[in-house]
Amino acid sequence: MALLAGASAASAHPAPFSYLDLRIGDEVIEGALVVHIIDVAHDLNIASPEKLLERSTAYGNLDRLTALVTQRLVLTAGQPLMIQWGDVDVLPERQGIQLHFRIHTPRPATLGIHALMFPYDRLHQTFVNVYEDGALRQQFVLSADGPDRTYYTGTTQGAIAVIKTFVPAGIHHILIGPDHILFLIGLLLLGGGWKALLKIVTAFTIGHSITLSLAALNIVTPPPTVIEPAIALSIVFVGADNLVRGGGRDVRALIALTFGLVHGFGFANVLREFGLPREALGWSLFSFNVGVEIGQLFIVLLVASALTLVRKRSETIGVRVAFAGSLVVIAAGTYWFVQRVFFPAGI
């Protein structure tokens, strides 16, 4: 009772959110930003937040408020866009203030959106609605942990921008992913003609394209804690198959197709973190896959050419390289499997 009697009043923050609507037209972007009076009062050092619901007070602080949010809401189309602030409305039912603005610009290929509205509150989020030609195209949330997003408009330039973004992303991912690279190398170690190698790469492509699309569309989304160990096991399997097959039937294309389904889910996890634009889903999936294929072909040409040169010099050395390489593949796959099952930090 003594503690309660001596307690001071605490102000609660009922809704740590802002709301941003963007309407993209051919020659202008119109926007509306709703901010909560508690956030505004905190950053403008206004003692009584409720006073901001009076139109005279809101207007009296309009210049200060627009100067504040101009630093924290940044829209770009290759370069920063100039926001022209307009009228202000008070919204008593939402305990908020609504700021209207316009940006005079031709319809951009991409619209970069950065919103970190009230950094003092780490929990603060900005809910964004993007409209194009009157239709709602995308909704997302920006926060202190992820204040940036890129929107791709429904134009030819927008599609080109998607391609320019996601083709390099696919190339980058396959080239920095040691597990995917080692899986491919394991499939190539036993050599074969270019026709056989093309079948292997094509089968792997078909497999991972199927599951990448299913996961990106949220139709099938197995957790990374299952997929990542499974990818490691696929590497072990490829290395072991190289050692035990002998002169039997070449089933590497079938292996590539089967385990390509698993690797596709791994690609999808990366693509999801990258930020898949729903307004350009088809182009982004296609472009990412093309990038992966370019990266794969680079690896295949490099490794297959090197192995062919070794075999031309000495068939015996070629066999030894394939044997030793398969052991390395098995060892690496086993290491990743143990790490991902028993020490799964970061998965």
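These figures come from a predicted structure and were not determined experimentally. When reading the values below, keep in mind they use all heavy atoms of this one structure, side chains included, and skip hydrogens, waters and symmetry mates.
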### Query
When clusters are formed by joining ILVMFWY residues with side-chain heavy atoms under 4.5 Å apart, either directly or through shared neighbours, do W194 and I200 land in the same one?
yes

### Message
Does any part of the side chain of F183, heavy atoms only, come nearer than 4.5 Å to the side chain of H263, both counted from C-beta?
### Response
yes

### Query
At their closest point, which heavy atom of Q138 faces which heavy atom of R149, and how far apart are they?
NE2-NH2, 3.3 Å

### Task
List the steps and the verdict of side chain to side chain contact (heavy atoms under 4.5 Å, CB included) for L243 and I330.
CA-CA 10 Å; L243 297 180; I330 293 171; 3.6 Å; yes

### Message
Closer than 3.5 angstrom, by distance alone: can the side chain of Q95 be matched with the main-chain N or O of P92 as a donor-acceptor pair?
### Response
yes

### Query
Considering all heavy atoms of both residues, which atom of G191 and which atom of R252 are nearest to each other, and what is their separation?
O-NH2, 2.7 Å

### Query
Does a sphere of radius 6.0 Å around NE2 in H100 hold more than 12 heavy atoms from other residues, nucleotides or ligands, not counting ones at 6.0 Å or beyond?
yes

### Message
Using 0.5 Å steps for rounding, measure from the OG1 atom of T153 to the CD atom of E132.
### Response
5.5 Å

### Query
Out of curiosity, does I299 fall in the hydrophobic cluster containing V290 (side-chain heavy atoms, cut-off under 4.5 Å, transitive links)?
yes

### Task
Evaluate the criterion side chain to side chain donor-acceptor pair (under 3.5 Å) for residue pair H114 and D148; output intermediate values, then yes/no.
CA-CA 5 Å; H114 170 88; D148 298 290; 2.8 Å; yes

### Query
Between A304 and L197, what is the shortest heavy-atom contact and its length?
CB-CD1, 3.7 Å

### Task
State, with a plain yes or no, whether a side-chain heavy atom of L52 is found less than 4.5 Å away from one of V90.
no

### Closest heavy-atom pair and its distance - A203, A253
CB-O, 3.2 Å

#### Entry: Atom pair CD1/CZ of I174 and F288 - distance to nearest 0.5 Å
8.5 Å

### Query
What is the distance from atom CD1 of I24 to atom CG of L22, rounded to the nearest 0.5 Å?
6.5 Å

### Query
Is there side-chain contact between H42 and I38, with heavy atoms separated by less than 4.5 Å?
no

### Query
Is the number of heavy atoms from other residues, nucleotides or ligands within 6.0 Å of CZ (R320) greater than 12?
no

### Query
Is a side-chain donor-acceptor pair under 3.5 Å present for Y152 with S284?
no

### Query
Does E30 come within less than 4.0 Å of R102, counting only side-chain N to carboxylate O?
yes

### Query
Are the side chain of S287 and the backbone N or O of F166 linked by a donor-acceptor pair below 3.5 Å?
no

### Task
May I ask you to test the I171-V292 pair for a side-chain heavy-atom distance under 4.5 Å?
no

### Message
Between P119 and L116, is there a side-chain heavy-atom distance shorter than 4.5 Å?
### Response
yes

### Message
So, applying side chain to side chain donor-acceptor pair (under 3.5 Å) with W85, which one of T66, T70, D63 is it?
### Response
T70

### Message
Between S234 and I231 (side chain of the first, backbone of the second, donor and acceptor by atom type, cut-off under 3.5 Å), is there such a pair?
### Response
yes

### Task
Determine yes or no for a side-chain-to-main-chain donor-acceptor pair under 3.5 angstrom, with D241 supplying the side chain and F237 the backbone.
no

### Query
Going by heavy atoms in the side chains, are F140 and N129 under 4.5 Å from each other?
no

### Test of ring centre spacing under 6.0 Å for F267 and H173
yes

### Message
Using every non-hydrogen atom in the two residues, find where I163 and P168 come nearest and quote the distance to one decimal.
### Response
O-CD, 3.7 Å

### Task
Please lay out, stage by stage, how D89 and I97 fare under the test side chain to side chain contact (heavy atoms under 4.5 Å, CB included).
CA-CA 6 Å; D89 295 321; I97 298 174; over 6 Å; no

### Task
Check whether more than 12 heavy atoms from other residues, nucleotides or ligands sit under 6.0 Å from atom CZ of F286, and answer yes or no.
no

### Task
Look up atom CG in L212 and atom CZ in F265, then write down how far apart they are to the nearest 0.5 Å.
9.5 Å

### Query
Within 45° of the six-membered ring axis of Y19 and under 6.0 Å from that ring's centre, is NZ or CZ of R94 located there?
yes

### Query
Do F17 and H36 have ring centroids that are under 6.0 Å from one another?
no

#### Entry: Charged N-O contact under 4.0 Å between R122 and D145
yes

### Query
Applying the 4.5 Å side-chain criterion to the ILVMFWY set and letting contacts propagate, would I37 and L62 be lumped into a single cluster?
yes

### Query
Run the side chain to side chain contact (heavy atoms under 4.5 Å, CB included) check on V28 and T105 step by step: do they pass?
CA-CA 5 Å; V28 67; T105 180; over 6 Å; no

### Task
Taking the six-membered ring for Trp and the full ring for Phe, Tyr or His, determine whether the centres of F204 and H208 are under 6.0 Å apart.
yes

### Message
Let me check something: do V167 and F298 share a hydrophobic cluster, defined by ILVMFWY side-chain heavy atoms less than 4.5 Å apart, either directly or through other members?
### Response
yes

### Task
Could you grab the distance from atom CD1 of I219 to atom OG1 of T211, nearest 0.5 Å is fine?
12.0 Å

### Message
Pair L111, I29 - check side chain to side chain contact (heavy atoms under 4.5 Å, CB included), show working.
### Response
CA-CA 10 Å; L111 181 63; I29 299 173; 4.1 Å; yes

### Query
Any donor and acceptor pair, going by atom type alone, linking the side chain of T76 with main-chain N or O of Q79 inside 3.5 Å?
no

### Task
Examine L309 and I185 and state if one hydrophobic cluster contains both, with Ile, Leu, Val, Met, Phe, Trp and Tyr joined whenever side-chain heavy atoms are less than 4.5 Å apart.
no

#### Entry: Salt bridge R107-E27, side-chain N to carboxylate O under 4.0 Å
no

### Task
Rounded to the nearest 0.5 Å, what's the gap from CG on D21 to CD on Q139? Could you check?
9.5 Å

### Message
Can you confirm whether V141 sits close enough to T126 that some side-chain heavy atom of one is under 4.5 Å from a side-chain heavy atom of the other?
### Response
no

### Query
Is it true that D43 and R72 have a side-chain N and a carboxylate O under 4.0 angstrom from each other?
yes

### Summary
Heavy-atom nearest pair, L285 first then A216, reads CD2-CB, 3.5 Å

### Message
I want to check something: taking the side chain as every heavy atom from C-beta on, are V321 and L307 in contact at a cut-off of under 4.5 Å?
### Response
yes

### Task
Measure from the side-chain N and O atoms of S18 to the backbone N and O of V35, and report whether any donor-acceptor pair falls under 3.5 Å.
no

